[in-house]
Amino acid sequence: MAMILRNATLATMTAAGHGLVEGGTVVIEGDRIVWAGPGAAAPPAGGEAIDLGGRLVTPGLVDCHTHLLFAGDRAREFEMRLEGATYEQVARAGGGILSTVRATRAATEDDLLAGALPRVDQMLAQGTTCIEVKSGYGLDIETELRMLRAARRIAQHRPVRVLTTFLGAHALPPEYAGRHDDYIADCVLPALAAAHAEGLVDAVDGFCEGIAFSPAQIARVFATARELGLPVKLHAEQLCNLHGAALAARHGALSADHLEYLDEDGVRAMAAAGTVAVILPGAFYTLRETQMPPIDLLRRHGVRMAVATDCNPGSSPMTSLPLAMNMACTLFRLTPEEALAGATVHAAAALGLTDCGRIAPGCRADLAVWEAAHPAELSYRIGATPLHARIFGGRRDA
């Protein structure tokens, strides 16, 4: 039986801007949208009709960069940074990612899943219907696989689409101190092969920074990903410019993420490759950074910009995509229109998805219904999400 959403303001995200349709109708059959447009032009359809009273309907939000699966917390490091320690100083002292690694290695698969589900619930309550989840807090073969298995199980427990990203090249574990190449050879590449063989990986990521891995080391990981037929993405130019974004673009990356120190050559490379720029204001805010991503350059060269929470225990303990949208506007001067595109259609592109992020025939019926009259309200509000209802796979959340 069809579901017919009537009397809605639709932000279809199918054209320049919002693709706004006043007095719109969406017809859903099964888990797919079969028609969307002005109510006066809607075809006859039988089924459950829901009058939305003019409420705003957008595609379900897509969180295309998260590290939401982990154990422990790093609240003390938040205090340390406020006392003057930098991100690099915390990391080099054995804190940062490595403190989460210790806790995650000690956690079971069930522990990791149980810890993640409350964060997932918070995301769903903010209108999210698709979440990318990275590994990268194991840094050994066993724990990386355990993280990916737990991530795959999220969709069995919650109405959400989950894509998994292998991030073995996230940090150097202490047992490999000073031996980056050995770690890539002994752990990252074998773990990636094992995860792929088990069907646990949708994409491959890496952290290309002075405190993590060099472009040459990341290139080895990308070469293996290509051999396995897996798309790649990259944490690049967050703390310095190692030209990681250009490296990612040369490998046809779906996205390059963070990008605070990105230069124009990197922007040109991304534009030529169609690589999406994933903007992560949560980490910028938490770390009190001052170097902003080159938004005007990205606009000028036509690079698509996505927005994500970067949900993680250290530098962005945030689960709200609307809050990330607000931060992208207030901190980086994205327009509300760009922010919504960044959390829907461009975020889907950053994951290689074409069947979500828009309200159009053939797309999944993953929608968010908001107590709002115009899409700008979603970026305008701070700390209050006006979600009225969430529809996932053609079913309305109870």
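- L200 and I141 fall within a single hydrophobic cluster, where Ile, Leu, Val, Met, Phe, Trp and Tyr are joined by side-chain heavy atoms under 4.5 Å apart, directly or via other members.
- Counting heavy atoms from C-beta outward, L367 and I28 have side chains that approach closer than 4.5 Å.
- Although no hydrogens or angles enter the test, the distance criterion places a donor-acceptor pair under 3.5 Å between the side chain of T286 and the main chain of S315.
- Across all non-hydrogen atoms, the minimal contact from C356 to A348 is O-CB, 3.6 Å.
- At least one donor-acceptor pair closer than 3.5 Å links the side chain of R32 to the backbone N or O of G362.
- Geometric assessment of R102 against the ring of Y137 yields a negative cation-pi assignment under the 6.0 Å and 45° thresholds.
- No side-chain donor-acceptor contact under 3.5 Å links H301 to the backbone of V303.
- With rounding to the nearest 0.5 Å, the separation of CG in N326 from CD1 in I382 is 4.5 Å.
- For the pair F213 and V188, the minimum side-chain heavy-atom distance is 4.5 Å or more.
- No side-chain donor-acceptor contact under 3.5 Å links Q126 and T319.
- Under the side-chain hydrogen bond (donor to acceptor under 3.5 Å, both in side chains) test applied with Y176, the options D181, D186, D182 reduce to a single match, D186.
- Between R396 and I50, the closest side-chain pair of non-hydrogen atoms falls below 4.5 Å.
- Side-chain polar atoms of E227 and T224 form no donor-acceptor pair below 3.5 angstrom.
- Using a 4.5 Å cut-off on side-chain heavy atoms (C-beta onward), H65 and T309 make no contact.
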Practice problem: Report the C-alpha distance between E237 and E260 in whole Å, list the side-chain angles of each, state the deciding distance to 0.1 Å, and finish with yes or no for side chain to side chain contact (heavy atoms under 4.5 Å, CB included). | Solution: CA-CA 6 Å; E237 274 76 87; E260 281 85 341; over 6 Å; no
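- Here CG of D140 is found 7.0 Å from CD of E144. Values are rounded to the nearest 0.5 Å.
- Judged by distance alone, the side chain of E377 and the main-chain N or O of A373 form a donor-acceptor pair under 3.5 Å.
- Residues T25 and W35 bring no donor and acceptor atom of their side chains to less than 3.5 Å of each other.
- Here the CG atom belonging to D202 is positioned 4.0 Å from the CZ atom belonging to R152, to the nearest 0.5 angstrom.
- Taking CG of D310 as the start and CD1 of I279 as the end, the distance is 11.5 Å to the nearest 0.5 Å.
- Using a cutoff of 4.0 Å between basic side-chain nitrogens and carboxylate oxygens, R161 and D355 are scored as salt-bridged.
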Quiz prompt | Stepwise side chain to side chain contact (heavy atoms under 4.5 Å, CB included) check, V26 with I359 | solution = CA-CA 8 Å; V26 181; I359 301 177; 4.1 Å; yes
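- No side-chain donor-acceptor contact under 3.5 Å links R358 to the backbone of T12.
- Of the inter-residue distances, the one linking Q238 atom CD with Y261 atom OH reads 9.5 Å to the nearest 0.5 angstrom.
- Of all heavy-atom pairs spanning D110 and R153, the tightest one is OD1-NH1, 2.9 Å.
- Panel note: side chain E132, backbone T164; no donor-acceptor pair is recorded below 3.5 Å.
- Side-chain heavy atoms closer than 4.5 Å link hydrophobic residues (I, L, V, M, F, W, Y) into clusters, and following such links, even through other members, never connects L167 to L230.
- In this structure, M123 and L321 have side chains that are not in contact, with every pair of non-hydrogen atoms separated by 4.5 Å or more.
- Side chain of R146 to main chain of R105: a donor-acceptor pair is present (N/O by atom type, distance under 3.5 Å, no hydrogens or angles).
- Smallest separation of non-hydrogen atoms from I391 and T129: O-CG2, 4.1 Å.
- F207 pairs with exactly one of H67, H180, H235 by the ring-ring contact (aromatic ring centres under 6.0 Å, His included) rule, that one being H235.
- Atom CD of E264 is surrounded by more than 12 heavy atoms from other residues, nucleotides or ligands within 6.0 Å.
- Side-chain contact annotation: E338 with H346, donor-acceptor N/O pair under 3.5 Å absent.
- Relative to the six-membered ring of F70, R119 meets both conditions, a distance below 6.0 Å and an angle of at most 45° to the axis.
- Checking side-chain atoms of R390 against main-chain N and O of T128 turns up a donor-acceptor pair under 3.5 Å.
- To the nearest 0.5 Å, atoms CG (D205) and CG (D257) are separated by 6.5 Å.
- Side-chain contact between E48 and I4 is absent, with no heavy atoms from C-beta onward closer than 4.5 Å.
- When side chains are defined from C-beta on, L124 counts as touching P159, because their heavy atoms get closer than 4.5 Å.
- Clustering ILVMFWY residues whenever any of their side-chain heavy atoms sit less than 4.5 angstrom apart, transitively, puts L69 in the very cluster that holds L192.
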